[in-house]
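First comes the structure, then the notes that go with it.
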Amino acid sequence: SRRFSGLAFDGFDDLLWTSHNFDSLSNGYTLFTVARYAGDPKGRVIGSKTTNWLWGFHAGGVHKWHPNGWVSNHGGGDTIWHLHSGDINNVADPKANFWTDGVQKATNHNGSNNSAYKPGKMSFGGLWYGGNSEYSKSEVAEVVLYNRVLSTDERQMVEAYLSQKYDLTHPSKSKDTQINNYPFKF
């Protein structure tokens with residue numbers, strides 16, 4: 001498998017979390033990650049220290065998003081690198097979209113919690129919420145979080161950039177990512 005520099009978790013006692021609490025995201029959010037299971041155990045890779053929120057990976061599956069309610073609970077399990085992307089708006093009954101490697105797994109889905117759908121303090125390598133558990137032998141190469149829902153073109157440009165950077169198979173990979181052609185700057 002490809003080897004990227006990033007964070008590696010042993011699946012037994014490695015956990016990392018942000019000091020910043022992302023519950024203040026008032027315009028919804030768009031999240032991108034490049035990560036993978038690297039063996040057993042296969043619990044959560046990206047989650048929350050403060051709420052029952054998980055992204056991308058759970059219980060051996062690689063098509064999961066649970067912002068305090070299931071948006072995507074599809075199966076499939078492997079140890080290859082995945083580019084997960086998704087967005088959720090900030091309305092009374094939030095609508096969420098989720099992609100794994102460019103394949104849409106949820107479209108305008110409203111399965112999240114209506115008010116507690118933000119990631120809080122993000123955790124990596126397992127679950128800290130409610131106690132240390134659901135560890136994963138895993139690797140996380142990149143996490144990109146925007147404080148709003150990106151347009152389709154903006155999302156596809158970030159996906160193209162990440163798929164090119166990490167040489168991942170993705171339908172947006174051929175999109176022009178020359179910085180002068182971006183509608184926004186990194």
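Note that the numbering runs from 1 along the sequence shown for the chain. None of these values were measured; they are calculated from a predicted model.
- Within the 3.5 Å criterion, the main-chain N or O of Asn113 finds no donor-acceptor partner in the side chain of Asn68.
- Looking only at side-chain heavy atoms (C-beta outward), Asn147 and Phe22 stay at 4.5 Å or farther from each other.
- In terms of heavy-atom proximity, Lys137 sits nearest to Asp40 at CB-O, 3.7 Å.
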Checklist entry - Between Asn90 and Tyr117, is a side-chain hydrogen bond (donor to acceptor under 3.5 Å, both in side chains) present by the stated rule, with each step listed? => result CA-CA 9 Å; Asn90 190 28; Tyr117 57 87; 2.3 Å; yes

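- The backbone N or O of Ser24 lies less than 3.5 Å from no partner atom in the side chain of Asn21, so there is not a single donor-acceptor pair.
- Hydrophobic clustering places Met122 together with Trp55 (ILVMFWY residues linked when any side-chain heavy atoms are closer than 4.5 Å, directly or through intermediates).
- Contact of the Leu16 side chain with the Ser123 side chain is not registered, since no non-hydrogen atoms from C-beta on lie closer than 4.5 Å.
- A salt bridge is defined here as a Lys NZ or Arg NE, NH1 or NH2 lying under 4.0 Å from an Asp or Glu carboxylate O, and Asp167 with Lys173 meets this definition.
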Item to check | Glu154/Thr152 under side-chain contact (heavy atoms from CB on, under 4.5 Å): CA gap, chis, key distance, verdict | outcome: CA-CA 5 Å; Glu154 290 172 327; Thr152 298; over 6 Å; no

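- The nearest pair of heavy atoms linking Ala106 to Val71 is CB-O, 3.4 Å.
- In this structure, the side chain of Asn89 engages the main chain of Lys95 through a donor-acceptor pair within 3.5 Å.
- Distance alone, capped at 3.5 Å, places no donor-acceptor pair between the Lys105 side chain and the Ser72 backbone.
- Distance check: Leu15 CG to Asp13 CG gives 8.0 Å after rounding to the nearest 0.5 Å.
- No option in His66, His63, Lys42, Glu134 other than Glu134 meets the side chain to side chain donor-acceptor pair (under 3.5 Å) test with His58.
- A ring-ring contact (aromatic ring centres under 6.0 Å, His included) with Phe98 holds for exactly one of His74, His82, His84; it is His84.
- Judged purely by atom type and a 3.5 angstrom limit, Ser163 has no side-chain atom pairing as donor or acceptor with the backbone of Thr169.
- For the pair Val158 and Ser85, the minimum side-chain heavy-atom distance is 4.5 Å or more.
- Contact record, Asn108 with Asn97: N-OD1, 2.8 Å, taken as the closest heavy-atom pair.
- Ring geometry for Trp53 against Tyr29 counts as tilted: the plane angle lies between 30° and 60°, on a 0 to 90° scale.
- The shortest distance between side-chain heavy atoms of Phe32 and Leu150 falls below 4.5 Å.
- Residues Trp81 and Arg36 have side chains in contact (heavy-atom distance under 4.5 Å, counting atoms from C-beta outward).
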Item to check | Val140/Thr33 under side-chain contact (heavy atoms from CB on, under 4.5 Å): CA gap, chis, key distance, verdict | outcome: CA-CA 8 Å; Val140 178; Thr33 61; 5.7 Å; no

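- Between Phe57 and Tyr37, the ring center distance clears the sub-6.0 Å criterion.
- Ser172 and Ala160 make their closest contact through O-CB, 3.0 Å (heavy atoms, listed as atom of the first residue, atom of the second, distance).
- Side chain of Thr50 to backbone of Lys121: a donor-acceptor contact under 3.5 angstrom is found.
- Taking both residues in full, the closest heavy atoms of Ser138 and Gly125 are given as OG-CA, 4.3 Å, listed atom of the first, atom of the second, then distance.
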Next on the checklist: With side-chain contact (heavy atoms from CB on, under 4.5 Å) as the criterion, how do Asp87 and Trp99 come out once you've worked through the C-alpha distance, each side chain's angles and the decisive distance to 0.1 Å?
Outcome noted: CA-CA 9 Å; Asp87 60 57; Trp99 295 263; 3.9 Å; yes

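- Transitive grouping of hydrophobic side chains (ILVMFWY, heavy atoms separated by less than 4.5 Å) brings Val144 and Tyr161 into a common cluster.
- Using a 4.5 Å heavy-atom cutoff, the side chains of Leu31 and Ile46 are not in contact.
- What you find for Asp101 and His170 is that their closest heavy atoms are C-CD2, 3.4 Å.
- Side-chain contact check for Glu142 and Tyr166: at least one donor-acceptor pair (N or O, by modelled atom type) lies under 3.5 Å.
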Next on the checklist: For a side-chain contact (heavy atoms from CB on, under 4.5 Å) check, start with the C-alpha distance between Phe9 and Phe124, then their side-chain angles and the critical distance, and finish with the verdict.
Outcome noted: CA-CA 8 Å; Phe9 300 93; Phe124 305 92; 3.5 Å; yes

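- Here Leu54 is tied into one hydrophobic group with Trp70, each link being a pair of ILVMFWY side chains closer than 4.5 Å.
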